[in-house]
There are 2 protein chains.
Amino acid sequence: MSKNLEFTYKLRSSGLRPTRQRLKICEVLFNRDKTFHFTINDLAKDISKQLNEKISLATVYNTVHAFKNKGYLKEISINSDKNYFDTNTTSHHHFFDQDTNELIDCTDEVVETPKIKKNILGKKINSVEVLIKVATDNQNQK
Amino acid sequence: MSKNLEFTYKLRSSGLRPTRQRLKICEVLFNRDKTFHFTINDLAKDISKQLNEKISLATVYNTVHAFKNKGYLKEISINSDKNYFDTNTTSHHHFFDQDTNELIDCTDEVVETPKIKKNILGKKINSVEVLIKVATDNQNQK
DNA sequence: ATTATATATTATAATTATTCTAAACTGTTG
DNA sequence: CAACAGTTTAGAATAATTATAATATATAAT
Ligand SMILES: [Mn+2]
Ligand SMILES: [Mn+2]
Ligand SMILES: [Zn+2]
Ligand SMILES: [Zn+2]
């Protein structure tokens with residue numbers, strides 16, 4: 001359980017009590033090689049499958065929002081139907097597959113962050129992100 | 001009522017009956033100099049203020065979606081809290097003011113559309129749009 | 001270790017946004 | 001002026017999210 005210890009420290013260091021539920025959610029979210037995108041519903045389902053114990057949906061919401069506020073997750077709104085979270089919290093760009101509703105990270109080889117030549121007076125730029133919408137190459141343009 | 005005639009033709013030409021409600025919504029949305037962004041709720045409120053007659057919320061939803069499907073409106077998801085529509089249906093970029101939840105169109109002088117160097121196999125690129133999130137220039141980074 | 005305190009979890013209710021339904025209404029065609 | 005399909009409407013239904021308030025837990029204080 002060295003991973004578990006890690007998560008415990010991580011949570012404590014940001015002022016979050018390392019509860020059983022939060023540690024399990026950490027496990028599901030952060031005990032992986034690659035970052036990924038998820039919806040809260042997907043996450044809740046994953047948890048109830050992967051783990052024998054159930055976590056209340058309200059707790060999943062609370063925890064995801066707490067993790068987001070601490071900077072461990074990023075929220076991404078791309079589609080009015082689904083609200084995504086991203087375990088990759090760095091600034092980055094996305095493909096959005098309109099056929100499958102899947103989000104895919106872009107590497108630097110795909111697209112460079114565009115330069116902003118003018119800003120709005122009195123405001124600070126917090127992020128510049130590119131979204132590329134793709135779909136199957138049929139002639140159904142709608 | 002020359003504008004009204006115009007809207008009548010526009011609707012007919014796309015197979016939509018020019019009903020009283022649709023014409024009023026056209027008036028509110030398209031009888032302006034500049035394009036703008038709105039939420040369905042804002043639109044419903046605007047209508048009940050600007051006009052003496054009420055339009056059912058379901059009709060506003062129906063009409064906005066019909067107009068979107070006909071290409072007269074564009075849907076923009078940027079914020080999990082609010083779902084926007086845009087009367088500017090061209091491909092373009094946006095500032096999003098995180099203080100006010102306001103969307104602002106970017107001109108070409110602000111940012112150029114980035115080049116996509118690689119695409120996902122078997123998929124067609126439907127749009128490439130940049131989102132610039134801004135907020136007041138205090139040191140409150142959260 | 002026991003107790004006290006603040007914080008977190010939970011089931012459920014409440015709220016909000018959106019879609020569905022089915023009856024009434026209206027625009028268009030003949 | 002029928003007749004008909006398409007449209008609007010109020011209200012019900014659904015879905016996503018947030019609020020509530022009682023219970024449980026983690027940590028700090030004794
Ligand atoms: Mn929609
Ligand atoms: Mn949220
Ligand atoms: Zn991502
Ligand atoms: Zn716009």
Side-chain angles (χ1 to χ4, degrees), chain A residues 4-5 7-28 38-48 51-70 72-73 75-85 101, chain B residues 1 4-5 7-28 37-48 51-70 72-73 75-85 101:
Chain A
N4 217 284
L5 242 299
F7 294 139
T8 300
Y9 289 133
K10 182 175 177 169
L11 290 171
R12 278 225 184 87
S13 76
S14 53
L16 295 173
R17 285 187 183 171
T19 62
R20 206 166 58 251
Q21 293 83 349
R22 286 177 177 162
L23 286 169
K24 288 190 178 179
I25 292 175
C26 276
E27 219 176 294
V28 175
F38 65 93
T39 68
I40 287 187
N41 240 294
D42 294 344
L43 178 60
K45 279 182 199 158
D46 274 15
I47 290 169
S48 52
L51 309 167
N52 37 359
E53 209 167 334
K54 277 133 227 312
I55 297 180
S56 161
L57 185 57
T59 301
V60 180
Y61 271 94
N62 288 341
T63 304
V64 166
H65 286 130
F67 285 6
K68 175 195 155 195
N69 291 334
K70 296 298 179 180
Y72 301 146
L73 292 173
E75 192 170 6
I76 301 182
S77 297
I78 276 184
N79 184 314
S80 54
D81 302 332
K82 279 187 169 188
N83 188 29
Y84 296 87
F85 289 84
N101 271 14
Chain B
M1 301 284 130
N4 217 284
L5 243 299
F7 293 140
T8 300
Y9 289 133
K10 180 174 178 170
L11 290 171
R12 278 224 182 85
S13 75
S14 53
L16 295 173
R17 282 190 186 168
T19 63
R20 206 166 57 251
Q21 293 83 350
R22 285 177 177 161
L23 286 169
K24 289 191 177 179
I25 291 174
C26 276
E27 221 175 293
V28 175
H37 308 97
F38 65 92
T39 67
I40 288 187
N41 240 292
D42 293 345
L43 178 60
K45 278 182 200 160
D46 274 15
I47 291 168
S48 53
L51 309 167
N52 37 359
E53 209 167 336
K54 277 134 227 312
I55 298 181
S56 160
L57 184 58
T59 301
V60 181
Y61 271 95
N62 287 342
T63 304
V64 166
H65 285 131
F67 286 5
K68 176 195 155 192
N69 291 334
K70 295 299 179 182
Y72 301 146
L73 290 174
E75 193 170 6
I76 301 182
S77 298
I78 276 185
N79 184 314
S80 55
D81 302 333
K82 280 186 168 187
N83 189 29
Y84 295 87
F85 290 84
N101 271 15

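Predicted, not measured: the structure shown is a model, and the values here were computed from it. Residue numbers start from 1 in every chain, and the chains themselves are labelled A, B, ... in the order their sequence lines are given, proteins ahead of strands.
Put simply, CG on B:D42 is 10 Å from P on C:dA17, counting in whole angstrom units. In this structure, the CD atom of B:E53 is 11 Å from the C1' atom of D:dT8, given to the nearest Å. Put simply, CG on A:D81 is 18 Å from P on D:dT14, counting in whole angstrom units. Rounding to whole angstrom units, CG of residue B:N69 and P of D:dT7 are separated by 13 Å. Regarding A:N83, its CG atom lies at a distance of 14 Å from the P atom of C:dA17, rounded to whole Å. For the pair A:K82 NZ and C:dT18 C1', the computed distance is 17 Å after rounding to whole Å. Atom pair B:K45:NZ and C:dT16:C1' shows a separation of 12 Å (rounding to whole Å applied). The separation between B:L57 atom CG and D:dA13 atom P is 18 Å, rounded to whole Å.
The side chain of A:Q21 has C:dT10 as its nearest neighbour among C:dG27, C:dT10, D:dT17. Checked against C:dT19, C:dT10, D:dT17, the side chain of A:S56 finds its nearest nucleotide in C:dT10. If you check C:dT28, C:dA11, D:dT9 against the side chain of A:A58, the one that comes closest is C:dA11. Among C:dT9, C:dG27, D:dT27, the nucleotide with an atom closest to any side-chain atom of A:N62 is C:dT9. Checking C:dA17, D:dA16, D:dT8 against the side-chain heavy atoms of A:N41 singles out D:dA16 as nearest. The nucleotide whose nearest atom lies closest to any side-chain atom of A:Y61 is, among D:dT27, D:dT7, D:dA16, D:dA16.
Note: B:F85 and B:F38 have parallel aromatic rings, judged against thresholds of 30 and 60 degrees for the angle between ring planes.
B:I40 comes within contact range of no nucleotide atom at all, as no heavy-atom separation falls under 4.0 Å.
Along DNA chain C, the nucleotide closest to A:K54 and the one closest to B:R12 are compared, and the more 5′ of them pairs with A:K54.
The side chain of B:H65 contributes no N or O atom lying less than 4.0 Å from OP1 or OP2 of C:dT18. Remark: B:T19 is not in phosphate contact with C:dT26, judged by side-chain N or O atoms under 4.0 Å from OP1 or OP2. The side chain of B:R20 places no N or O atom within less than 4.0 Å of a non-bridging phosphate oxygen (OP1 or OP2) of C:dC25. The shortest distance between the side-chain N/O atoms of A:T59 and the OP1/OP2 oxygens of C:dT10 is below 4.0 Å.
Side chains of A:L11 and A:F67 form a contact here, defined as non-hydrogen atoms less than 4.5 Å apart. At least one side-chain heavy atom of A:I47 sits under 4.5 Å from a side-chain heavy atom of A:I25.
A donor and an acceptor atom never sit less than 3.5 Å apart when one is taken from the side chain of A:R22 and the other from the base of C:dA8.
Rounded to the nearest 0.5 Å, atoms OG (A:S77) and CG (B:N83) are 9.5 Å apart.
Under the 3.5 Å distance criterion, with hydrogens and angles disregarded, no donor-acceptor pair is assigned to the side chains of A:Q21 and A:T63.
Taking all atoms of both residues into account, the shortest heavy-atom contact from B:R22 to B:R17 is NH1-O, 3.1 Å.
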